Amino acid sequence: MENNRYGLNKELAQMLKGGVIMDVTSPEQAKIAEEAGACAVMALERIPADIRAAGGVSRMSDPNMIRGIQEAVSIPVMAKVRIGHFVEAQILEAIEIDYIDESEVLSPADDVYHIDKTKFQVPFVCGARDLGEALRRIAEGASMIRTKGEPGTGDVVQAVRHMRAMNSEIRRVVSMAEDELFEAAKQLGVPYDLLCYVHENGRLPVVNFAAGGVATPADAALMMQLGAEGVFVGSGIFKSGNPRKRAAAIVKAVTNYHDAKMLAELSADLGEAMVGINEQEIKILMAERGK
Amino acid sequence: MQIAILALQGAFQEHGAALDALDASHFEIRQRKDLDRPFDGLILPGGESTVMRKLLLDLELFHPLKVRIQEGLPVFGTCAGLILLARDVEGGASCFGTMPIVARRNAYGRQLGSFHTKGEFGTYGTIPMTFIRAPYISDSDQGVEILSTVNGKAVAAQFQNQLVTAFHPELTKDCTVHAHFLQLVSNTLPQKAAC
């Protein structure tokens with residue numbers, strides 16, 4: 001039986017569902033994340049909040065740093081490449097990364113084209129702000145989608161906006177008559193067959209996580225109640241007062257996102273949350289990168 | 001017959017869909033109070049075993065479930081679920097440890113080692129099999145029945161009322177393994193008295 005790589009890659013995303021993927025910058029942090037119950041880690045040299053503070057061009061992490069994290073943990077390891085930088089992606093594939101995030105958090109390498117992800121054996125996750133972006137990334141070969149949110153801010157407003165936009169457009173597509181789908185595909189700038197999938201199934205053809213600005217157990221549960229199938233937490237954990245405790249609390253909040261009593265317990269005594277910046281106060285909107 | 005599906009993390013909805021296809025009723029276990037509902041069988045899904053192990057302990061599900069499994073509750077573990085049931089785990093910590101097998105975690109390497117294949121399952125013939133960062137059974141005690149072997153490695157087994165697969169039957173449309181599990185559950189139920 002032929003191995004359907006894309007199918008296997010979508011299936012790995014299914015195994016991550018209901019879980020929390022945490023940004024880590026060292027093997028020590030990766031260990032803490034794994035012990036706290038992360039279902040995968042994102043290896044990067046600087047977390048988004050620090051990228052934002054440092055400014056300048058940010059790129060793929062040092063492969064040796066990523067290897068160190070691969071050796072430290074047994075859970076899947078993801079890493080980021082710049083939008084359109086297919087050579088960075090080739091390098092990550094060469095070190096057998098489990099998932100590549102073609103990410104707006106890094107400086108884009110191409111302001112027109114995304115990576116042709118169908119050319120790769122390893123899976124890709126991509127950010128999206130709405131249904132059109134999500135389906136375009138899937139057409140390019142992404143096997144998992146996450147909201148873009150606004151990374152490194154600790155402000156959940158954009159992740160909420162993107163998740164709501166996606167879900168409301170999905171509901172609109174579901175309610176369309178079949179002959180309206182052709183025009184909708186044209187307007188959204190997406191392949192007709194992917195739009196038909198959404199029309200018939202009422203969901204994206206791949207797993208959809210929330211990302212960008214999630215800082216508390218309540219934020220994570222909010223995204224789950226809004227329909228996310230799991231959560232990425234970037235700066236929110238290791239920029240907070242007690243990363244170990246906060247990470248474990250967010251993991252439990254994602255499992256029991258409907259239980260307000262448990263969420264109350266999980267939200268208590270977590271120490272200081274990351275300070276965060278409001279979306280009006282930031283200079284660079286990373287979510288604007290790659291459309 | 002009521003089947004409980006451990007829904008802490010991973011592909012638990014897919015198991016629900018497979019049980020729906022077989023008209024078996026089921027519910028999810030996410031916390032201690034969910035154990036108050038009666039159930040006749042338990043499914044431990046695929047996902048990350050480290051996550052499920054931690055949440056089982058933190059949410060105080062570990063001991064009550066372990067006791068029920070030891071008392072003979074039929075249980076079916078896929079991939080991570082196999083690791084949770086194994087007595088010993090190479091490359092990780094054991095969890096329930098109720099099944100006398102040794103599981104090798106991530107036995108086929110990273111995601112690039114994941115694969116689809118077909119193989120024999122017990123006496124049921126050939127079924128599709130999906131291996132995602134899968135383990136295999138590297139050793140087992142006498143009394144453990146090996147139901148499937150792929151590339152010389154044991155990938156499905158049964159010991160008394162405990163059934164495990166290293167692959168994911170819940171990701172395929174083939175319901176053979178789930179039907180086998182439901183039969184196992186039904187065998188443990190008291191026979192309905194004729195009246």
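Owing to the predicted nature of the structure, the values given are computational and were not obtained by experimental measurement. Convention: sequence-line order gives letters A, B, ...; per-chain numbering from 1.
The two residues A:S74 and B:R105 make their nearest non-hydrogen contact at OG-NH1, 2.5 Å.
Near-neighbour residues of residues 118-125 of chain A relative to chain B, defined by a heavy atom under 4.5 Å from a heavy atom of that chain, comprise A:Q121, A:V122, A:P123. Among residues 55-90 of chain B, the residues having any heavy atom closer than 4.5 Å to a heavy atom of chain A are, in sequence order, B:L55, B:D58, B:L59.
Other residues, nucleotides and ligands contribute more than 12 heavy atoms inside 6.0 Å of the OH atom of B:Y108. Shown here is A:N64, whose CG atom has more than 12 heavy atoms of other residues, nucleotides or ligands within 6.0 Å.
In this structure, CG in A:N4 is found 14.5 Å from CZ in B:F115, a value given to the nearest 0.5 Å. In this structure, CD1 in A:I75 is found 10.5 Å from CG in B:N106, a value given to the nearest 0.5 Å. Between atom CD1 of residue A:I95 and atom CZ of residue B:R110 there is a gap of 9.0 Å, rounded to the nearest 0.5 Å. Atoms CD1 and OG1, from B:I29 and A:T255 in turn, are 13.5 Å apart once rounded to the nearest 0.5 Å.
Proximity to chain A is limited to the side chain of B:R133, based on heavy atoms less than 4.5 angstrom apart. For a residue to count as touching a neighbouring chain, one of its non-hydrogen atoms must lie under 4.5 Å from one of that chain's; by this rule A:D259 touches chain B with the side chain only. Interface remark: B:E28 contributes no atoms to any contact with chain A (heavy atom separation under 4.5 Å). Within the 4.5 angstrom heavy-atom criterion, no atom of A:A40 approaches chain B. Interface residue A:E35: only backbone heavy atoms are found under 4.5 Å from chain B.
Screening residues 179-188 of chain B for side chain to side chain donor-acceptor pair (under 3.5 Å), with sequence neighbours left out, gives B:Y124-B:H180, B:Q158-B:H180, B:Q183-B:N187.
Contact annotation: the side chain of B:Q9 never approaches that of A:M15 to less than 4.5 Å [non-hydrogen atoms, C-beta and beyond]. No side-chain heavy atom of A:E11 sits under 4.5 Å from any side-chain heavy atom of B:E14. Put simply, the side chain of B:Q111 reaches to within 4.5 Å of the side chain of A:L8, judged on heavy atoms. Between B:R30 and A:Y257, the closest side-chain pair of non-hydrogen atoms falls below 4.5 Å.
Comparing B:M52, B:E48, B:R53, B:Q13 by heavy-atom pairs within less than 4.5 Å of chain A, the highest count is held by B:E48. Of the listed residues (A:C39, A:P76, A:A248, A:A38), the greatest number of heavy-atom pairs within a distance under 4.5 Å of chain B belongs to A:P76. By number of non-hydrogen pairs under 4.5 angstrom with chain B, the leading residue of A:H258, A:M262, A:E34, A:E93 is A:M262.
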Using distance only, find each side-chain donor-acceptor pair of residues 200-208 of chain A under 3.5 Å and give its atom names and separation, not counting sequence neighbours.
unit_1: A:N201; atom_1: ND2; unit_2: A:Y197; atom_2: O; d: 2.9
unit_1: A:R203; atom_1: NH1; unit_2: A:E229; atom_2: OE2; d: 3.0
unit_1: A:R203; atom_1: NH2; unit_2: A:V206; atom_2: O; d: 2.9
unit_1: A:R203; atom_1: NH2; unit_2: A:E229; atom_2: OE1; d: 3.0

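For the pair A:Q14 (side chain) and B:G10 (backbone), a donor-acceptor distance under 3.5 Å is absent.
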